[in-house]
Asker: 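Before we start, here is the structure in question, set down as C-alpha cells.
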2 protein chains.
Amino acid sequence: METRRTSSSRERMIRAAYELFEQRGFEKTTVDDIAARAGVGRTTFFRAFATKEDVIFPDHDTLVASVRERLAAATPAAALVAVTEAARLVLLHYLAEGDLARSRYRLTSNVPALRAREISGQRQYQRTFHAFIRTWMTSASGEETDAGTALRAELMADAVVTAHNHVLRQWLRGRTTTPEVDFDAAMAAVVELFAPQPAAERPGPGETQVVVLRTQRDLDDVLPELKRVLEGGGSP
Amino acid sequence: METRRTSSSRERMIRAAYELFEQRGFEKTTVDDIAARAGVGRTTFFRAFATKEDVIFPDHDTLVASVRERLAAATPAAALVAVTEAARLVLLHYLAEGDLARSRYRLTSNVPALRAREISGQRQYQRTFHAFIRTWMTSASGEETDAGTALRAELMADAVVTAHNHVLRQWLRGRTTTPEVDFDAAMAAVVELFAPQPAAERPGPGETQVVVLRTQRDLDDVLPELKRVLEGGGSP
DNA sequence: ACCACGCTGGTACTGAGTACCATATGGGAG
DNA sequence: CTCCCATATGGTACTCAGTACCAGCGTGGT
C-alpha cells in the first residue's frame, strides 16, 4: 500500500530525528542526517515536515483539529464539559505516547528553538479554546459584547491550556503517577475560578442575587451585620 | 562619541528594518537590504540583533529586565500592587512608542514568523511574573508547596500577561482611547479572580465568612431564604 | 502498449547565521 | 608625539535551512 509506505517513511523520519537529536543535539543534526538515517531523500523530508522543528511535533495539527471538532460538536448547555473533554483529549494523547513525549519534553527543555516552537503550538490550542469560550459566553450572557466578558473568555482559555500543561508537565517530570486524577482536579479549579456567577459581581437594577453563606456563628449574631451591609448598599 | 554612534546606527537599522518590512514585506527583505539602507555592514547588524526577527523587538530584553527589577523591589505585603505596576510599566512603554507599536502590531499580525517570536517573548513575561507570584503565594500560605497553589500561581501569571495584552491590543486596534483606565479595570478583574479569599471556598471549622449582598428585594423577603440556606448548610 | 498521475530523489539557488580576519578610530601611557 | 591596546566595524568565506525545478519511476486505467 502506498499509504502504508508513506506512513512508514514518515515514521522512520520521526524516529531518526528523535534519535539524532538526542545523540548529537538539535543544532548539530542536519536535515540531511535525518533523511539519510531514515533512508529517504532530503526533498521527502521537507514534503512531510515544513521545517526541521516540525518533525518533533508530528501530531500537532491533528490534535488541534480534534480539539476543534470536539468543541464544535458541543451543545451550549454542555460547554464546560466539552472544554474539559477536549483538553483531556490532548492529555490522553501525550500519555499514550509515553517515552516519546518524555523525549520531546527533554528536547524542548534544552533547545530554545524547539521551546519556541512548542509555545507557538500551545497558542493554537489557546486560540481554539478562546474562540469557543468567547461565543459561548457572549451567547449566554446577552447579545452585547461586554468588554469584561471578552477578557474573561481569554483568561479562561488561557487557564484551560495552562492547567492542562501543568498536569502534563508534572507527569513528564515523574512527579505524579495519576495524571488523569490531577487533571480533573486542575480543571475543576479552573471551572470554579470562572464559574458562571462570581461572588463580587454586582447585580443590575431589578435583578436579585442570593449568595450562599456558611458560617460558624449563630444566625442571630450575623443578621444585624447583614442588615447593615444590605442597607449600606443603597437598597431598602 | 562612540556610544552615540553605536546607538545611532542601531536606531538607523531599526528604522530601516521597519520601513523595508512595511514596504516589501518581511520575507522579501534581506538583512543585506536593511544593513545597506542603514549604511552599515551586514556584520554590524548581526552584532546588534541576534536574528532578523529581533530587530522588530529592540527593547524586549530591557523591558523584561525592568519588570523583573520592579518585582524584585517589592515587599511581600505590596505584592499585588507590584504586579500591577510592573505590568503597567510594559503598557506605558508601548503607549509611548505610538506609531512604532502600531507598525509592529501590523507586522506581527501578518507575518507568522514574527508572531511566533512575539509569543515567545510574551512567555518570558509570564515566566517572570510566575516566578514572583509563586514565591509570594507559597510564602504567604504556608511553607509546604501545595499543588493547587502552584497551579494558581501559574494561572495568575497568565492572567496578568493576558490582561495586559488584551488592553494593549484594544488600544493598538483603535478600539479605546483610555488604555490606562481599561488596564486598571482589567487588572482589577484579575486580582479579583485570584483574590486571597475566593467566594466558593468553604471555610474551615471555627472560621467565619461574611459575604456582601446587594439585592433589590425587601430584606424581610430575603431573610427566610437566607435562614433556610444557612440551616441547610449544617451550621446551627 | 501507451499515457496520466502521484510520489520520489537530485540539483541548483537564495538567504540566514557563524567564524575569522583585517582595518580604523580613539584614548591613555610612555 | 608615538606607541599600544581596546573596541567597533566591514569584508570574506562557510554551513545549512528552505525553495524551486526537473527527471525518473511505479501504478493504474484505457
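Numbers restart at 1 for each chain; the letters A, B, ... are given by sequence-line order, proteins then strands.
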Asker: Which pairs pass salt bridge (Lys or Arg N to Asp or Glu O under 4.0 Å) with one or both residues in residues 60-83 of chain B, sequence neighbours excluded?
Answerer: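 Checked against salt bridge (Lys or Arg N to Asp or Glu O under 4.0 Å) - neighbours excluded - no pair reaches residues 60-83 of chain B.
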Asker: What residues form a salt bridge (charged side-chain N to carboxylate O under 4.0 Å, His left out) with A:D184, not counting sequence neighbours?
Answerer: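 A:D184 satisfies salt bridge (charged side-chain N to carboxylate O under 4.0 Å, His left out) with A:R88 only.
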Asker: Could you give the CG-to-C1' distance, from B:L20 to C:dG15, as a whole number of Å?
Answerer: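 So the CG-C1' distance, B:L20 to C:dG15, works out to 15 Å.
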Asker: Over how many whole Å does the gap from B:D54 atom CG to C:dT18 atom P extend?
Answerer: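 From B:D54 CG to C:dT18 P: 11 Å.
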Asker: Please list, chain by chain and in numerical order, all residues satisfying salt bridge (charged side-chain N to carboxylate O under 4.0 Å, His left out) with A:R42, sequence neighbours excluded.
Answerer: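 Counting only residues at least two positions away or on another chain, A:R42 forms no salt bridge (charged side-chain N to carboxylate O under 4.0 Å, His left out).
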Asker: B:R24: which residues meet the salt bridge (charged side-chain N to carboxylate O under 4.0 Å, His left out) condition with it, sequence neighbours left out?
Answerer: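 Residues passing salt bridge (charged side-chain N to carboxylate O under 4.0 Å, His left out) with B:R24: B:D33.
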Asker: Got a sec, which pairs hit ring-ring contact (aromatic ring centres under 6.0 Å, His included) with one end in residues 58-103 of chain B, sequence neighbours left out?
Answerer: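 Output for this query lists B:H60-B:Y125.
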Asker: Sequence neighbours left out, what passes salt bridge (charged side-chain N to carboxylate O under 4.0 Å, His left out) with B:D54? Give chain and number order.
Answerer: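 Result, salt bridge (charged side-chain N to carboxylate O under 4.0 Å, His left out) vs B:D54: B:R117.
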Asker: Answer yes when A:E97 and A:R104 have at least one side-chain N-carboxylate O distance shorter than 4.0 Å, and no when they do not.
Answerer: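 A salt bridge links A:E97 with A:R104.
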Asker: Five pairs per end, C1' atoms only: what is the angle between the end axes of the helix from C:dA1-D:dT30 to C:dG30-D:dC1, to 10 degrees?
Answerer: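 About 10°, once rounded to a multiple of 10°.
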Asker: Hey, could you give me each pair passing salt bridge (Lys or Arg N to Asp or Glu O under 4.0 Å) that has a residue in residues 162-174 of chain B? Not counting sequence neighbours.
Answerer: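 For residues 162-174 of chain B: A:E154-B:R169.
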Asker: Can you give one letter per nucleotide of nucleotides 10-18 of chain D, going 5' to 3': B for a protein heavy atom under 4.0 Å from the base, S for sugar-phosphate only, - for none?
Answerer: BB----SBB
